[in-house]
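Structure, as structure tokens:
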Amino acid sequence: MTDVAEEAGWATAKTLAEALPYIQIYDRETVVIKYGGHAMGQEEVAKLFAADAVLLKLLGVHPVVVHGGGPQISRMLDKAGVKSTFIDGLRVTDEATMEVAEMVLSGAINKEIANWITLAGAEADVRGVGLSGKDARLITAEKVTRTKKDPDSNIEQVVDLGFVGEPTKVDPHLIQALLTSETDYIPVIAPIGVSEQGETFNINADTVAGALAGALKAKRMLMLTDIKGVLDANGELIREMTIEQARQLIADGVATGGMIPKLENAIHAVESGVEAVVILDGRRPHAMLVELFSEHGAGTLISK
């Protein structure tokens, strides 16, 4: 038994030693993490995620978490008896839906993730800070405009999605102040924005993560999802691709469904100054650590 324990110790030491070059690469660099998918609602997975975020901070990385909450919003809307409709994957958000979405995103989910981080980092005093885009003018948004072809007339018609927004401006000063503070803070951001006129908007979390990563000139944006990464036409994982190859996957119809907006957000983030975006499976324990601190990574890396 002692030999087994001793071997495990040597294996751990070897792993740490092999990670050294990668730890140095990310020292004092910003990594924006889009945390979402159904796994987000599982307490044990959430605790592991929080512990990994704390470990990143203690290794010298500046993690910034942006979270979604679609499944949780749907559950709360069902409880409240509010019916949801979707157009092209975007939830039509009327006043009642917006009220529930903000309550779930900025309230329950945001504070829970921030709290898990604070608990995981208690010994070293790493603290999660829960924010939304409404804080300190972090995310200025405007109403999303979408058009859809009428199947009968083939005429483009404007679709009203209600209080669904997209970022027009991200002011990163508050986040930068938290990241450079003497106290180890990890910002946790809910995808809610506010217009110049003060209207509240629900924003796609991938879009918020991309806009924020661009504004912060992050070294990496990690998009934690329910799939292992981007697949080719044969269903095989693509380890690396350029933004041009990502565009081609969309044009060729290889990327479909929810992968299209993920790739579009990745392309936009890279074009906005993010060094690379990685789409990876957030359900796998320690996926972020494998991606950042090992030779092979854990998903699909998209760069220029």
Side-chain angles (χ1 to χ4, degrees), residues 15 19 22 26 31-57 59 61 63-76 89 91 104-105 108-117 119-121 128 186 188-191 204-210 213 220-232 234-241 246 249 255-263 265-266 269 276-302:
T15 300
Y22 306 101
Y26 291 103
V31 174
V32 173
I33 303 156
K34 160 44 189 13
Y35 179 45
H38 289 79
M40 194 174 71
Q42 298 172 14
E43 188 173 305
E44 288 310 309
V45 178
K47 285 180 178 178
L48 281 174
F49 169 80
D52 284 353
V54 168
L55 181 55
L56 290 180
K57 190 70 178 177
L59 287 170
V61 181
V64 177
V65 179
V66 177
H67 64 83
Q72 291 89 334
I73 292 171
S74 294
R75 283 199 295 273
M76 187 60 78
R91 188 191 303 272
V104 172
L105 291 168
I109 296 174
N110 184 265
K111 304 312 174 194
E112 185 175 74
I113 296 169
N115 185 48
W116 287 133
I117 288 170
L119 289 172
I186 297 179
V188 180
I189 297 150
N204 177 278
D206 289 349
T207 306
V208 169
R220 285 288 183 276
M221 179 168 93
L222 305 181
M223 300 177 76
L224 303 182
T225 68
D226 290 341
I227 52 173
K228 61 182 179 178
V230 185
L231 307 181
D232 63 18
N234 299 317
E236 296 295 321
L237 178 68
I238 302 170
R239 291 282 178 189
E240 288 187 39
M241 68 169 79
L249 277 183
T256 57
M259 184 52 71
I260 294 173
K262 287 191 190 308
L263 286 174
N265 280 316
V277 176
V278 185
I279 299 173
L280 66 162
D281 190 347
R283 298 168 302 179
R284 297 196 68 181
H286 314 306
M288 295 189 294
L289 305 182
V290 172
E291 172 54 42
L292 295 176
F293 301 133
S294 74
E295 184 182 351
H296 300 295
T300 302
L301 184 138
I302 302 153

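Keep in mind that what you see is a predicted model, and the values were worked out from it rather than measured.
Panel note: side chain D232, backbone N234; a donor-acceptor pair is recorded below 3.5 Å. Remark: side-chain polar atoms of E291 are paired, donor with acceptor, to backbone N or O of A298 under 3.5 angstrom.
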- Any chance you could lay out the side-chain contact (heavy atoms from CB on, under 4.5 Å) test for L280 and V290, step after step, and finish with the verdict? CA-CA 10 Å; L280 66 162; V290 172; over 6 Å; no
- side-chain contact (heavy atoms from CB on, under 4.5 Å) evaluation trace for V208 with K34: CA-CA 9 Å; V208 169; K34 160 44 189 13; over 6 Å; no
- Query: So L105 and N110, side-chain contact (heavy atoms from CB on, under 4.5 Å) or not? Walk me through it.
  - Reply: CA-CA 6 Å; L105 291 168; N110 184 265; over 6 Å; no
- Where do M241 and L249 land on the side-chain contact (heavy atoms from CB on, under 4.5 Å) test, with the steps shown first? CA-CA 10 Å; M241 68 169 79; L249 277 183; 3.5 Å; yes
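Annotation: side chain of I279 is in contact with side chain of L263 (closest heavy-atom distance under 4.5 Å). Using a 4.5 Å heavy-atom threshold, the side chains of F49 and D52 count as separate. Two residues are said to be in side-chain contact when any heavy atoms from C-beta on lie closer than 4.5 Å; N204 and N265 meet this criterion.
Residues that satisfy the side-chain contact (heavy atoms from CB on, under 4.5 Å) test with A266, not counting sequence neighbours, are V277, I302. Shown here are the ring-ring contact (aromatic ring centres under 6.0 Å, His included) partners of F293, two or more places apart in sequence or in another chain: there are none. In this structure, the salt bridge (Lys or Arg N to Asp or Glu O under 4.0 Å) partners of D281, at least two apart in sequence or on a different chain, are R283.
When all heavy atoms of R220 and Y26 are compared, the pair lying nearest together is NE-OH, 3.3 Å. Considering all non-hydrogen atoms of both residues, M221 and A213 come closest at SD-CB, 3.9 Å.
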